[in-house]
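So you know, we letter chains A, B, ... as the sequences are listed, proteins then strands, and number each from 1.
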There are 2 protein chains.
Amino acid sequence: MEHRPSDLTRQRILEAGFAEIHRQGYQSASIANILGATGLTKGALYHHFPSKKDLGLAVVVEIIATGLEERLVQPVRSAAQPARALLALIDAKQSLDEEQVRLGCPLNNLMQEMSPVDEDFRLRLNRILSRWQDAFEDALRRAQEAGEVRPDLNCHAAALFIVSAWEGCVGVAKNMQSVETYRACLSQLRAYVAGLLAPPR
Amino acid sequence: MEHRPSDLTRQRILEAGFAEIHRQGYQSASIANILGATGLTKGALYHHFPSKKDLGLAVVVEIIATGLEERLVQPVRSAAQPARALLALIDAKQSLDEEQVRLGCPLNNLMQEMSPVDEDFRLRLNRILSRWQDAFEDALRRAQEAGEVRPDLNCHAAALFIVSAWEGCVGVAKNMQSVETYRACLSQLRAYVAGLLAPPR
DNA sequence: CGAATTGCATACCGACCGGTATGGCTCGTC
DNA sequence: GACGAGCCATACCGGTCGGTATGCAATTCG
C-alpha cells in the first residue's frame, strides 16, 4: 500500500528471487544470481531481508500464495454454479506455455524440496495448499447442496484428490517436457470431476 | 553377478548415496555425508565413480529403477486378471510407514528437482516413468480385451493419469506429513480406477 | 618371486556459498 | 544548513563444496 521508492527495489528482489527459485529450487538458488538479475548488490538484499531463508519465505507468502489465491481459489469462491466453475477452471488451465511446463508449479516444487528438510517452509506451504483444497471442498459441498453433484460424495477426500492429481499431472508433464502430455493428463482429471456430477434424472 | 570384494563397497556407496539423495535431494546431497555413513573416504568413492553426477545417475538406474520395477511393474505384468491386479496393487501400497511419507517417492523427488536442470537425469528418470506407465497401460488394454474395463476407455491417457495422480498423492501427503492424508487420497484414486471397470450387464 | 594392477586412505586445492562490516550518498527534519 | 536515518555499494570472511594428486597395502599375474 505504501509507495516509498525502496519498496520498489524490495519488490524487484522478491520477483527475481521467485524466478531464481522457480528455476533452481530454493536450496540451489544463488544469491549472486538474484542480485545479478536485478543489478543490485548484497547491501540492498540484506537491507530488506535478514537472510536467504527470510527471502525464500517472503517469496512463498507474498508471491506464490497471492498468485495461487487469485488464479485458483478466487475463481471458485462465490461462484453461482460451483461445479461448473470447477470444470471451467480446469479447462482454462489446460493451456500452459512451454516454460511453465518445463519449470512446473512453484508450490509443488517447493513442497517436494523443502517439506522434509525445513519446518518453517513446510508450514507456510501447507497453508497455501490447505486454502486451495478448502476452496475446492467448499465448492463441492455447495454444489452438493444444490444437487449438482452426487449426495454420497466425500467432498473432503475428493478435493484432496483433485488438488493432488493436479499437481501430479504438472509434475509428470514437467519430466516429459510435453504440453501435450499435460493436457492429456488434465483431461483425465476433468473426466474424473465430471464423473462426480449428479446424473440427471 | 561378480563377487569381487570391491563390488561390495561400491554397493555400500550406492545405497548410502541413495539414502542421502532421498533425504536431501541430489543437488544438496553431500559427498561427505555419504562417506560418513559408510565409513569410507573420497579415495573409495572416486575410485568407483568418476564424479558425483555419475554416482547420482547410478543410483537412479541401479537402485530406483530396479526397486520400482519389482514393486510396481512386475506385480501387474503377466497378471491373470490385470484390472484386479491394479486395484490390488493400489490397496497394497496404501500402507506406508511415517518415514516414506515424510521423504516421498524417490522417483518423483528427483523428477521434480532435476528434470528442468539436467537432461541426463531427466532422460533416465523418464525411462523409469515410461516403463511404469507402459506397464499400467498394457494392463488396462489387456483388461479391456478381456471385457474387464469399459471398451471406450483411452488406456494411454488413463495410465498416464493414474501414475500422475499417484505421485501427486504421495507429494501432497509429504507436505501434510500425514499417512492418513495419503490413504484418503489414494482411496480416491482407487475409486477412480474402480470406475473404469465395465459395468456388469 | 618380482612386477604390475587394483582398492582405498590422506592431504590438499580452487571455487563458490551465505553472511557481515563498513562507508558513502541521499533525503526528510528541525 | 547541520544532522540523523534510511538506502544501498564495496570489500572481505569463514566454511563447505566437488574434485585431484599422491601414496600405500593387498592382490593378481607373468
Restricting both atoms to N or O, compile the protein contacts to nucleotides 22-27 of chain C shorter than 3.5 Å, with distance only.
none

Just the atom pairs and distances: protein N or O near nucleotides 24-29 of chain D's N or O, under 3.5 Å.
none

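Taken together, the paired segments of DNA chain D that extend over three or more consecutive Watson-Crick or G-U pairs, each closer than 3.5 Å at both contacts, are C:1-23 with D:8-30, C:26-30 with D:1-5.
Each ring pair (Phe, Tyr, Trp, His ring centres under 6.0 Å) pair with one or both residues in residues 81-129 of chain A, not counting sequence neighbours, appears once here: A:Tyr26-A:Phe121. The ring pair (Phe, Tyr, Trp, His ring centres under 6.0 Å) analysis of residues 74-115 of chain A, with sequence neighbours excluded, yields no pairs. Within the structure, every pair that satisfies the salt bridge (charged side-chain N to carboxylate O under 4.0 Å, His left out) test and touches residues 74-87 of chain A, not counting sequence neighbours, is listed here: A:Arg77-A:Asp138, A:Arg84-A:Glu148. The salt bridge (charged side-chain N to carboxylate O under 4.0 Å, His left out) analysis of residues 98-109 of chain B, with sequence neighbours excluded, yields no pairs.
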Could you pull out all donor-acceptor pairs under 3.5 Å where a side-chain atom in residues 159-167 of chain A meets a protein atom, sequence neighbours excluded?
residue	atom	partner	partner atom	Å
A:Ser164	OG	A:Leu160	O	2.7

For residues 190-197 of chain B, which side-chain donor-acceptor pairs fall under 3.5 Å, sequence neighbours excluded?
residue	atom	partner	partner atom	Å
B:Arg190	NH1	B:Asp91	OD1	3.0
B:Arg190	NH1	B:Asp91	OD2	2.6
B:Tyr192	OH	A:Gln188	NE2	3.0

What donor-acceptor contacts under 3.5 angstrom involve side-chain atoms of residues 57-66 of chain A, with partners at least two apart or in another chain?
residue	atom	partner	partner atom	Å
A:Glu62	OE1	A:Arg10	NH2	2.8
A:Glu62	OE2	A:Arg10	NH2	2.4
A:Thr66	OG1	A:Glu62	O	2.9
A:Thr66	OG1	A:Ile63	O	3.1

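Partners of A:Arg12 under the salt bridge (charged side-chain N to carboxylate O under 4.0 Å, His left out) rule, at least two apart in sequence or in another chain, do not exist in this structure.
Here the P atom of nucleotide C:dA9 and the NE2 atom of B:His48 are 9 Å apart, to the nearest Å. Atom NZ of A:Lys53 and atom P of C:dG19 are 11 Å apart (whole Å). Atom-to-atom, CD1 of A:Ile31 to P of C:dC17 comes out at 10 Å; the value is rounded to the nearest Å.
Taking a 4.0 Å limit (strictly below) on heavy-atom distances, residues 32-46 of chain A reaches DNA chain C at A:Lys42, A:Tyr46.
Taking only side-chain atoms of B:Lys52, from C-beta outward, the nucleotide of C:dT6, D:dG19, C:dC17 with the closest atom is D:dG19.
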